[in-house]
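The structure appears below as structure tokens.
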Amino acid sequence: MPSEPWWKSAVVYQIYPRSFADSDGDGIGDLGGVRAHLDHLQALGIDVLWLSPIYPSPQDDNGYDISDYEDVDPVFGTLGELDALLADLHARGMRLVMDLVVNHTSDEHPWFVESRASKDSPKRDWYFWREQPNNWTSAFSGSAWELDEATGEHYLHVFSRKQPDLNWENPDVREAVYSMMNRWLDRGVDGFRMDVVNFISKTPGLPDGATGAGWRQLGGEHYVCGPRIHEFLQEMHREVFAGRDALLNVGEMPGVTIEDAKLFTDPARHEVDMVFQFEHVNLDQDGTKWKPFPLDLRDLKRSFGRWQEGLAESGWNSLYWNNHDQPRIVSRWGDDGEHRVRSAKALGTLLHLHRGTPYVYQGEELGMTNMAFGSIGEFRDIEALNHYAEAVAEGEDPAAVLASMQPMNRDNARTPMQWDDSPHAGFTAGEPWIGVNPNHAEINAAAAIADRDSVFHHYRRLIELRHDEPAVALGDFTMLLEDDPHVYAFTRALEGTELLVVVNVSGEPASFAAIPDAEAWAGAELVLTNAEPEPRGLELGPWEARVHRR
Ligand code: GLC
């Protein structure tokens, strides 16, 4: 398949450097720690490493508030170490994708410092300044506007007040961003994961919001896939990506619809290669992430089914359960008790066999779970801390607020990577910046690698299957059993090969007898399963997953 882009059969691994591995004992993960664990990534078989932000930053939002796009924060290491990591990865045949945040900067970035200095600053217009705020709210609680006492005007921040939004209407802003991106590509990096990149175009005049439009904040309809978003991304492509080979550009896009995503990822339009959409991770909530309800599997089928179909002819999906903003999937939609290993494998199988590029978030390959946070003092994330303060100030019961925050808070994903059963899980020789999950005594990389039946080895086989079986990367997708509340089933077909994927997404026995041709399928080659001994027949045990081929 020489004409297909390489990333269709690739798997990406996300590292959140703060929480991955600490090489210098300060309790915070760093580039030295990443370099020390490349064998782990290679053993898993991944193709691309996506590194969450390592640029200099006040760390108000753990690096998603960048104060210098051209360097590495000393807490993570040096530019020299980043070059060394890049060389290590390339020597192992892997690529490096950098996280890039250009919807906003840190308020400590020199551009913003200059912008806020006076109303006549040449960079005043690089950000949004107004005498009177509009009614937009911030993703991290409260108004999206902050008063600057010195000049008496307010600036816009869709995220924290230390993350002022850049004004992409100003051509100098765009030109500065593109030239910075070009310097990174010239340095050898293989692409970008563009943070909330569908927020960069705002409705001129910044009118009041009414609905939020697919994104939970008031005002969202004026910047989620705003009026000039396609124009800006096409310009970025011309100025940065055109004429360069073998890169990956993935846009994180909260609130993106299938119709938008088709346009963003149509190769003929030259915008981005794939997007992160949020529809499936919003199925267990309604407007607020703090009151989740159980997932109805039929909703997941409907949602994934529509995305698979919508991007079947042109465009491409990203596939993910986890990242640094989502709780751990085995705790969320699996069973992190009795069936932890089985359900982690089942959910991994379900996701990876879809059409699209799968993303594995650090620790997902170990079946790492959510953390039980005992008090507000154990949280580190600005989203959680601000929400708690706001809710308590409004008179809510602190214990109830704390309990409501357990399932969905982002710190669930940010507890340290569990390397072994030593006191800090092998993450650091110092005091970790955030608590280590006590279950690392049982759940850790050393134990998983030694156990042929671990989640790790199952993920390794899933990745191998994508590399070896073209139907996984490129086959047509057909959803089956749409109305079954427990069994998730679909086929993939490419030329003469057909795969059947059946997953029991429940702790009760189930059957796939209702599938067309079920008997014949049950007798077909079994390519992959999480069941022992090798299953046969039409009955599925709790959390059983199978991939048959014929
Ligand atoms: C993205 C990041 C998230 C961050 C936000 C603001 O959603 O994934 O971690 O807080 O953008 O940059």
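None of the values given here were measured: they were computed from a predicted structure. Order of appearance sets the numbers: ligands from 1, and atoms from 1 within every ligand.
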[X], [atom1]: over 12 other non-hydrogen atoms inside 6.0 angstrom:
X: K262; atom1: NZ; answer: no
X: D286; atom1: CG; answer: no
X: R116; atom1: CZ; answer: yes

Nearest protein heavy atom to [atom], by residue and atom, and its distance?
atom: atom 7 (O) of ligand 1; answer: E252 OE2, 2.9 Å
atom: atom 1 (C) of ligand 1; answer: D195 OD1, 2.8 Å
atom: atom 10 (O) of ligand 1; answer: D61 OD2, 2.5 Å
atom: atom 8 (O) of ligand 1; answer: D325 OD2, 2.5 Å
atom: atom 5 (C) of ligand 1; answer: F159 CE2, 3.8 Å

Handout entry: Six-ring centre of W129, R124 cation under 6.0 angstrom, axis tolerance 45°
Key = yes
If you measure from each non-hydrogen atom of [X] to ligand 1, which part falls under 4.0 Å: side chain, backbone, both or neither?
X: H104; answer: side chain
X: Q326; answer: neither
X: F140; answer: side chain

Handout entry: Reported CG-to-CG distance for the pair D24 and D30, which is rounded to 0.5 angstrom
Key =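 Between atom CG of D24 and atom CG of D30 there are 4.5 Å.
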Problem - Separation of E169 CD from R174 CZ (nearest 0.5 Å) - result: 7.5 Å
Problem - Min heavy-atom dist M253 to ligand 1 below 4.0 Å - result: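 M253 does not count as a contact of ligand 1 under the 4.0 Å cut-off.
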Handout entry: Qualifying residue, where the test is ring-ring contact (aromatic ring centres under 6.0 Å, His included) with W419 and the options are H424, H440, H37
Key =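 Of the listed options, the one satisfying the test is H37.
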